[in-house]
Amino acid sequence: MNEVPAEQRIYAVLAAILCGSVATYGQVGKLAGLPRGGRLVGRTLRNLPADSSLPWHRVINASGKISLPADSGGFKRQKARLQEEGLLVNGNRISLRQYQWQP
DNA sequence: ATGGTGACTTGGC
DNA sequence: TGCCAAGCCACCA
């Protein structure tokens with residue numbers, strides 16, 4: 001019957017990421033039941049409404065960097081929010097020191 | 001249907 | 001550390 005759409009589960013995973021921590025796209029996808037859905041996660045965040053209160057800014061790629069283009073508004077917004085949560089952001093890269101979210 | 005693209009990941013050099 | 005190739009999934013022309 002009605003199964004919960006993958007997007008819904010991705011939202012739940014996002015909401016579970018602790019403040020001050022970040023997770024990779026692959027990590028989120030894996031926890032949402034999409035072991036190879038890194039791209040799906042990215043596409044889902046891309047489609048998020050502007051009024052969504054989900055911490056999408058806590059999601060970065062496996063290289064520990066922000067995947068958005070450095071000249072886009074989303075990049076600046078994500079960087080600013082991460083810094084407000086106490087994370088050190090150097091350029092497009094997050095200074096990793098126990099940054100990875102642990103479920 | 002087919003090919004190209006993207007807020008990805010991993011392995012190799 | 002950084003770039004490249006292959007794999008993966010969904011969307012678009």
Side-chain angles (χ1 to χ4, degrees):
Chain A
M1 273 304 288
N2 283 340
E3 298 174 358
V4 180
E7 301 180 356
Q8 193 92 63
R9 291 195 261 171
I10 292 174
Y11 299 150
V13 174
L14 285 177
I17 301 176
L18 302 178
C19 181
S21 299
V22 292
T24 68
Y25 292 91
Q27 176 85 59
V28 173
K30 189 176 180 182
L31 291 170
L34 306 164
R36 272 81 189 167
R39 290 207 129 123
L40 276 295
V41 176
R43 225 199 68 71
T44 302
L45 298 185
R46 216 283 197 194
N47 275 298
L48 279 179
D51 59 344
S52 178
S53 53
L54 292 169
W56 58 269
H57 52 271
R58 291 177 189 155
V59 184
I60 58 178
N61 63 26
S63 302
K65 300 178 186 177
I66 296 176
S67 293
L68 291 159
D71 57 346
S72 79
F75 174 87
K76 296 179 182 177
R77 188 154 46 236
Q78 179 167 19
K79 181 177 177 182
R81 286 195 173 188
L82 288 174
Q83 287 179 132
E84 290 216 10
E85 296 193 354
L87 289 165
L88 301 176
V89 186
N90 186 329
N92 69 327
R93 175 131 180 230
I94 312 297
S95 296
L96 321 176
R97 302 223 183 186
Q98 317 173 299
Y99 74 100
Q100 191 90 332
W101 175 56
Q102 302 162 93

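To find a chain, count down the sequence lines: A is the first, B the second, and so on, and within it residues start at 1. Nothing here was measured: the structure is a model prediction, and the numbers come from that model. Side chains included, hydrogens not; waters and symmetry mates left out as well; all remaining heavy atoms used.
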Student: Donor-acceptor pair, Q78(A) side chain versus V59(A) backbone, under 3.5 Å?
Tutor: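 Confirmed, Q78(A) side chain pairs with V59(A) backbone.
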
Student: Mind checking the NZ-CD1 spacing from K79(A) to I94(A)? Nearest 0.5 Å is all I need.
Tutor: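 Separation between the atoms: 9.0 Å.
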
Student: Answer with base, sugar-phosphate or nothing: what part of the nucleic acid does R93(A) contact at a heavy-atom distance below 4.0 Å?
Tutor: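 Since only primed, P, OP1 and OP2 atoms lie under 4.0 Å of R93(A), the category is sugar-phosphate.
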
Student: Do side-chain atoms of S72(A) reach the backbone of P69(A) as a donor and acceptor pair under 3.5 angstrom?
Tutor: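 Yes: the side chain of S72(A) pairs with the backbone of P69(A).
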
Student: Can you list, by residue number, the residues of residues 40-52 of chain A that have a non-hydrogen atom closer than 4.0 angstrom to DNA chain C?
Tutor: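 Under 4.0 Å from DNA chain C: L40(A), R43(A).
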
Student: Taking the side chain as every heavy atom from C-beta outward, state whether W56(A) and R46(A) have any pair of such atoms under 4.5 Å apart.
Tutor: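 The answer is no, as the side chains (C-beta and beyond) never meet within the 4.5 Å cut-off.
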
Student: Rounded to the nearest Å, what distance is computed from the CG atom of residue N61(A) to the C1' atom of nucleotide dT10(B)?
Tutor: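 Between C1' of dT10(B) and CG of N61(A): 13 Å.
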
Student: Could you tell me the Watson-Crick or G-U partner of dC8(C), where both distances fall under 3.5 Å? Say none if there is no partner.
Tutor: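 Per the H-bond distance test, none.
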
Student: Take atom CG of N92(A) and atom P of dA7(B), then tell me their distance rounded to the nearest Å.
Tutor: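 To the nearest whole Å, that distance equals 14 Å.
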
Student: Could you tell me how far apart E7(A) (CD) and dA7(B) (P) are, to the nearest whole angstrom?
Tutor: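 Atom-to-atom, E7(A) to dA7(B), this comes out as 16 Å.
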
Student: I want to check something: taking the side chain as every heavy atom from C-beta on, are R43(A) and Y25(A) in contact at a cut-off of under 4.5 Å?
Tutor: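 Result no, sub-4.5 Å side-chain heavy-atom pair not found.
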
Student: Testing the 3.5 Å rule here: is there a donor-acceptor pair between the side chains of S67(A) and N61(A)?
Tutor: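 Side-chain D/A pair, S67(A) to N61(A): present.
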
Student: Can you list the residues that meet the side chain to side chain donor-acceptor pair (under 3.5 Å) rule with E85(A), with sequence neighbours excluded?
Tutor: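 With sequence neighbours excluded, E85(A) shows a side chain to side chain donor-acceptor pair (under 3.5 Å) to H57(A), R58(A), given in chain and number order.
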
Student: Just call it for G26(A): base, sugar-phosphate, or nothing, with non-hydrogen atoms closer than 4.0 Å on any strand.
Tutor: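 G26(A): backbone/sugar contact only, no base atoms under 4.0 Å.
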
Student: Applying side-chain contact (heavy atoms from CB on, under 4.5 Å) between W101(A) and each of L31(A), V28(A), T24(A), report the one that passes.
Tutor: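 So, applying the side-chain contact (heavy atoms from CB on, under 4.5 Å) to W101(A) and each of L31(A), V28(A), T24(A), only L31(A) qualifies.
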
Student: Does T24(A) have a side-chain nitrogen or oxygen under 4.0 Å from the phosphate oxygens OP1 or OP2 of dT9(B)?
Tutor: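 Yes, because at least one side-chain N or O of T24(A) sits under 4.0 Å from OP1 or OP2 of dT9(B).
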
Student: Give a yes/no on whether any side-chain N or O of R39(A) is located under 4.0 angstrom from OP1 or OP2 of dC11(C).
Tutor: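 It does not, given that no N or O in the side chain of R39(A) lies less than 4.0 Å from OP1 or OP2 of dC11(C).
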
Student: Mind calculating the distance between OH (Y25(A)) and P (dT10(B)) to the nearest angstrom?
Tutor: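 The answer, rounded to whole Å, is 14 Å.
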
Student: Hey, can you pull the residues of residues 10-19 of chain A with a non-hydrogen atom under 4.0 angstrom from DNA chain B?
Tutor: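 Result for residues 10-19 of chain A: none.
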
Student: If we only count heavy atoms from C-beta on, is the L45(A) to L54(A) side-chain gap below 4.5 Å?
Tutor: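 Counting from C-beta outward, L45(A) and L54(A) never come under 4.5 Å.
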
